Structures are given as C-alpha cells and as structure tokens.
Undergrad: 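Structure provided below as structure tokens; questions to follow.
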Amino acid sequence: MAIMNFGGVDENVVTREEFPLEKAREVLKDETIAVIGYGVQGPGQSLNLRDNGFNVIVGQRKGGKTWDKAVADGWVPGETLFEIEEAARRGTIIQYLLSDAAQIEVWQRIKPCLTAGKALYFSHGFGITYKERTGIIPPADVDVILVAPKGSGTSLRRMFLQGRGLNSSYAIFQDATGRARERVIALGIGVGSGYLFETTFKKEVYSDLTGERGTLMGAIQGLLLAQYETLRENGHSPSEAFNETVEELTQSLMPLFAENGMDWMYANCSTTAQRGALDWMGPFHDATKPVFEKLYREVASGNEAQRSIDSNSKADYRENLEKELAALRESEMWRAGAVVRKLRPENN
C-alpha cells in the first residue's frame with residue numbers, strides 16, 4: 001500500500017505496479033469467482049476477470065435477455081453459466097452484482113450458499129450499509145468486501161480493452177478468514193482498476209448516492225436543462241442552444257479538463273471566457289451548495305435509500321420508469337441532441 005498526497009491530504013492507495021496482475025492471479029489461483037447478475041456491472045467485471053486469467057462463472061436467471069447476452073458474450077451454459085443458486089454454491093467468492101432491489105429480493109436464496117470461508121463481494125455499499133432496511137446480513141464466518149469502479153460497467157470494459165484502467169474504491173466490512181484484504185485487492189486488480197483507494201461501505205454508498213443524484217446525473221441534467229431553456233426562451237435555435245450547452249462541454253472541454261485539470265482549462269481559454277467563468281463560479285456555487293448539503297443529509301439519514309427501496313419494489317416500477325425516461329428522451333433538448341450526434345463527422 002502506498003501513501004499518496006491528494007491536495008494536502010494523505011490517502012492509502014494501491015497501484016498496479018505494487019500489486020501486479022501476476023500477484024493477483026497467485027492470490028486467487030484456488031478461487032472460483034461467481035458473478036451473480038449480468039446487468040450493469042456484471043458483464044464488464046466478469047469479462048475483464050476472464051480475460052485476465054481468473055476462474056470465473058456467471059449466475060443469472062435463465063430465459064431472460066441478460067442470460068442470452070451472457071451466452072452471446074461466450075459464457076457456456078452448464079460450464080461457465082448457471083442459474084443463480086448453482087453459481088453461488090460453486091463459487092468461493094460471490095460477486096453480488098444484482099441491482100439493489102434485486103439483491104434484496106434474491107438474498108434469501110444466496111445466504112445458504114455462503115458457507116464458512118467464502119467471500120461476499122459488492123460493488124456498492126447499499127445492501128450492507130442499510131442492512132436493517134434491506135435484510136442483507138451476512139454470516140459471521142465469511143469475508144465481506146467491496147470493489148466499486150468509479151464508472152459504469154460499460155466504461156470499465158471499454159477502458160480495459162483500450163489498455164487503460166478505471167479507478168476503484170475498496171473496502172472491508174468483515175474479515176473472517178484473515179485474507180479479506182489480499183482477496184479484495186486482487187479482485188480490484190483483476191476487474192481492471194487503474195488504482196484502488198481505501199474507503200468504507202458507508203462512505204462508498206454516501207458518496208455514490210450523492211454523486212449519482214448530483215454532478216454525475218441529476219444535477220448535471222438539471223443544470224444543462226436550465227441553460228438550454230434560458231437560451232431557447234431568448235430566441236436561440238435548438239441547434240445553437242444544444243451546441244452551446246451540451247456539445248461543446250462534452251466533446252471539447254470535458255476531455256481537456258479531464259486530462260489537465262480545471263485550472264489549466266481556465267488558463268487556456270479566451271480572457272473574456274476566463275473572466276466570466278471566474279466571476280460566475282461563486283454565484284453557481286452559492287446557489288447549489290445548499291442543495292448538495294440537503295441531498296447529503298437525506299442520504300446519510302437513510303431517507304434516500306428508503307425512497308429507492310419503496311419505489312423499486314412496486315409492481316409497476318418498470319412501467320413508470322420507462323414513462324419517465326421516455327419523457328426525458330423526447331424532450332426538445334435531447335431530440336436536438338440526437339440530430340447533433342448524427343451530424344458529427346465520425347457519423348458521416
């Protein structure tokens with residue numbers, strides 16, 4: 001473990017140089033990794049582990065679209081692809097990668113498979129942190145560990161195929177075997193992490209729920225829509241409003257400040273843009289900080305988790321979700337975006 005300084009604060013991190021893939025393979029050479037779920041994180045993590053030389057099987061409900069996707073990805077029924085309970089019985093490490101709602105639903109079928117010495121692995125701290133609400137309480141004689149890639153499973157796989165890595169957090173909730181740390185680090189390297197930084201299950205879920213509802217999705221959509229609507233209300237065309245609001249941000253600026261930092265971005269734009277960005281940064285911060293503070297309080301209290309549990313457990317959840325997503329998809333801003341994407345040079 002290396003101590004790295006981030007903005008004046010020391011943190012524990014693990015890099016691929018100090019814990020290479022060969023070491024990870026050695027640690028897990030006698031393990032069978034059962035990836036339960038083939039939705040958001042399952043495909044990327046299982047395929048990366050398989051390509052990296054680990055013994056991996058997949059557990060998924062037979063007959064659904066995700067079962068067919070797993071077969072298309074090369075998992076063989078009866079050899080490396082099984083029904084959920086069978087995969088869990090066979091695995092010495094159970095990667096529990098179902099959605100939060102599905103984890104609650106399936107837990108009573110998974111728990112009997114957690115015999116002494118096994119490891120239960122999560123990529124989200126939700127089920128364990130809110131265990132009084134979810135009912136997910138592991139046996140005392142298994143390791144309970146977490147590796148949370150900081151991005152989607154699609155990004156994890158894409159970056160792996162490009163020879164890159166997606167940074168991940170890791171945590172240990174329960175070390176029953178004395179091997180929890182080497183297991184979790186080896187798995188983090190195996191799934192394709194760039195580097196691993198230490199956290200706890202609670203901190204992971206608090207930051208994750210805040211981020212999803214904040215700058216990763218909720219806040220960014222709200223902010224983009226507010227600017228787009230303001231431009232449209234003042235007579236700008238959909239194309240102009242979308243290009244100025246979304247396209248320039250995602251296609252031009254984000255890659256640059258991802259590579260070099262926001263300070264570099266500020267230093268390398270026009271003096272007019274530079275002055276305006278510096279002047280308006282404060283008002284936007286002051287307007288949104290109270291919203292983020294309220295959001296964090298709702299996450300920490302468990303209210304946000306309960307809302308998710310209540311909503312996702314309703315019989316008509318999928319139907320209502322599709323209606324909400326359709327409204328987003330059919331909004332003028334994102335219909336304009338669909339046209340703009342088609343007009344990009346790489347699509348012509």
Side-chain angles (χ1 to χ4, degrees), residues 33-51 56-62 64-75 81 84 87-88 91 93-107 110 120-130 134 136 145-161 164-171 187-188 190-194 199 201 204-218 220-221 304-305 307-309 311-313 317-318 320-322 324-325 328-329:
I33 303 165
V35 176
I36 307 301
Y38 210 73
V40 177
Q41 283 289 335
Q45 293 201 33
S46 62
L47 291 169
N48 289 0
L49 284 164
R50 185 178 71 182
D51 289 355
V56 188
I57 60 175
V58 170
Q60 181 58 40
R61 182 176 60 84
K62 192 173 184 178
K65 291 181 180 179
T66 46
W67 176 278
D68 294 339
K69 175 174 168 49
V71 172
D73 286 344
W75 302 102
L81 177 61
I84 288 174
I93 296 171
I94 298 174
Q95 290 193 298
Y96 205 33
L97 301 184
L98 296 166
S99 69
D100 294 327
Q103 285 185 16
I104 297 170
E105 179 186 345
V106 174
W107 174 246
I110 292 294
L120 178 62
Y121 166 114
F122 294 86
S123 283
H124 188 26
F126 190 99
I128 293 293
T129 299
Y130 303 113
T134 65
I136 298 176
I145 56 181
L146 173 146
V147 173
K150 296 297 104 180
S152 69
T154 301
S155 298
L156 182 73
R157 180 63 176 166
R158 182 180 297 160
M159 293 175 73
F160 176 85
L161 293 173
R164 302 161 61 203
L166 187 63
N167 298 332
S168 303
S169 60
Y170 76 93
L187 288 161
V191 301
S193 301
T199 188
F201 273 64
E204 190 285 329
V205 76
Y206 283 12
S207 63
D208 188 74
L209 292 183
T210 300
E212 289 170 348
R213 287 147 180 77
T215 59
L216 302 180
M217 294 178 70
I220 193 67
Q221 167 63 14
E304 195 63 25
R307 275 192 288 271
S308 294
I309 292 169
S311 173
N312 296 349
S313 61
Y317 165 69
R318 288 289 174 186
N320 291 333
L321 174 65
E322 182 49 41
E324 291 181 278
L325 294 178
L328 186 63
R329 184 170 59 248

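Bear in mind that the values here come from a model prediction, so they are computed numbers and not experimental data.
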Undergrad: Would you check if the side chain of S311 reaches a backbone N or O of R307 as a donor-acceptor pair within less than 3.5 Å?
TA: no
Undergrad: Distance check, rounded to the nearest 0.5 Å: E324 atom CD versus L328 atom CG?
TA: 9.5 Å
Undergrad: Are any non-hydrogen side-chain atoms of V147 and V191 less than 4.5 angstrom apart?
TA: yes
Undergrad: Got Y130 and I104 here, is their nearest side-chain heavy-atom distance under 4.5 Å?
TA: no
Undergrad: Roughly how far apart are Q41 CD and L98 CG, rounded to 0.5 Å?
TA: 12.5 Å
Undergrad: What's the shortest heavy-atom distance between I110 and A88, and which atoms?
TA: CD1-CB, 3.8 Å
Undergrad: Quiz question: by atom type and distance under 3.5 Å, do the side chains of T66 and Q60 form a donor-acceptor pair?
TA: yes
Undergrad: What closest approach, in Å, do A34 and G91 show between heavy atoms, and which atom pair accounts for it?
TA: CB-CA, 3.9 Å
Undergrad: Shortest non-hydrogen contact from A87 to I36?
TA: CB-CD1, 4.0 Å
Undergrad: If I compare all heavy atoms of L81 with all of W75, which pair ends up nearest, and what's the gap?
TA: CB-CB, 4.0 Å
Undergrad: Report the C-alpha separation of T129 and F122 in whole Å, then their side-chain angles, then the decisive distance to 0.1 Å, and conclude whether the side-chain contact (heavy atoms from CB on, under 4.5 Å) test is met.
TA: CA-CA 11 Å; T129 299; F122 294 86; over 6 Å; no
Undergrad: Can a side-chain donor-acceptor contact be found between S152 and S155 if the only test is distance below 3.5 angstrom?
TA: yes
Undergrad: I want to check something: taking the side chain as every heavy atom from C-beta on, are S193 and P149 in contact at a cut-off of under 4.5 Å?
TA: no
Undergrad: Has R158 got more than 12 heavy atoms of other residues, nucleotides or ligands less than 6.0 Å from its CZ?
TA: no
Undergrad: Using 0.5 Å steps for rounding, measure from the CG atom of N312 to the CG atom of L321.
TA: 8.5 Å
Undergrad: Quick one: OG on S123 to OH on Y96, what's the gap to the nearest 0.5 Å?
TA: 13.5 Å
Undergrad: Closest approach of A70 and Y38, non-hydrogen atoms and distance?
TA: CA-CE2, 3.5 Å
Undergrad: Between Q103 and G127, which heavy-atom pair has the shortest distance, and what is it?
TA: OE1-CA, 4.4 Å
Undergrad: In Å and rounded to the nearest 0.5 Å, what is the CD1 to CD1 distance from I93 to I145?
TA: 6.0 Å
Undergrad: Would you say the side chain of L146 lies within less than 4.5 Å of the side chain of S169, judging by non-hydrogen atoms?
TA: yes
Undergrad: How about V35 and R50: do any of their side-chain heavy atoms sit closer than 4.5 Å?
TA: no
Undergrad: With a 4.5 Å limit on heavy-atom distance, are the side chains of P43 and R157 in contact?
TA: no
Undergrad: Counting distance only, does the side-chain N/O of S207 pair as donor-acceptor with the main-chain N or O of E204 below 3.5 Å?
TA: yes
Undergrad: Can you confirm whether E304 sits close enough to R213 that some side-chain heavy atom of one is under 4.5 Å from a side-chain heavy atom of the other?
TA: yes
Undergrad: Rounded to the nearest 0.5 Å, what separation is found between the CD1 atom of I33 and the CD atom of Q95?
TA: 6.0 Å
Undergrad: For R61, give me all partners under side chain to side chain donor-acceptor pair (under 3.5 Å), at least two apart in sequence or on another chain.
TA: none
Undergrad: Are the side chains of I94 and Y121 in contact, using a 4.5 Å heavy-atom criterion?
TA: no
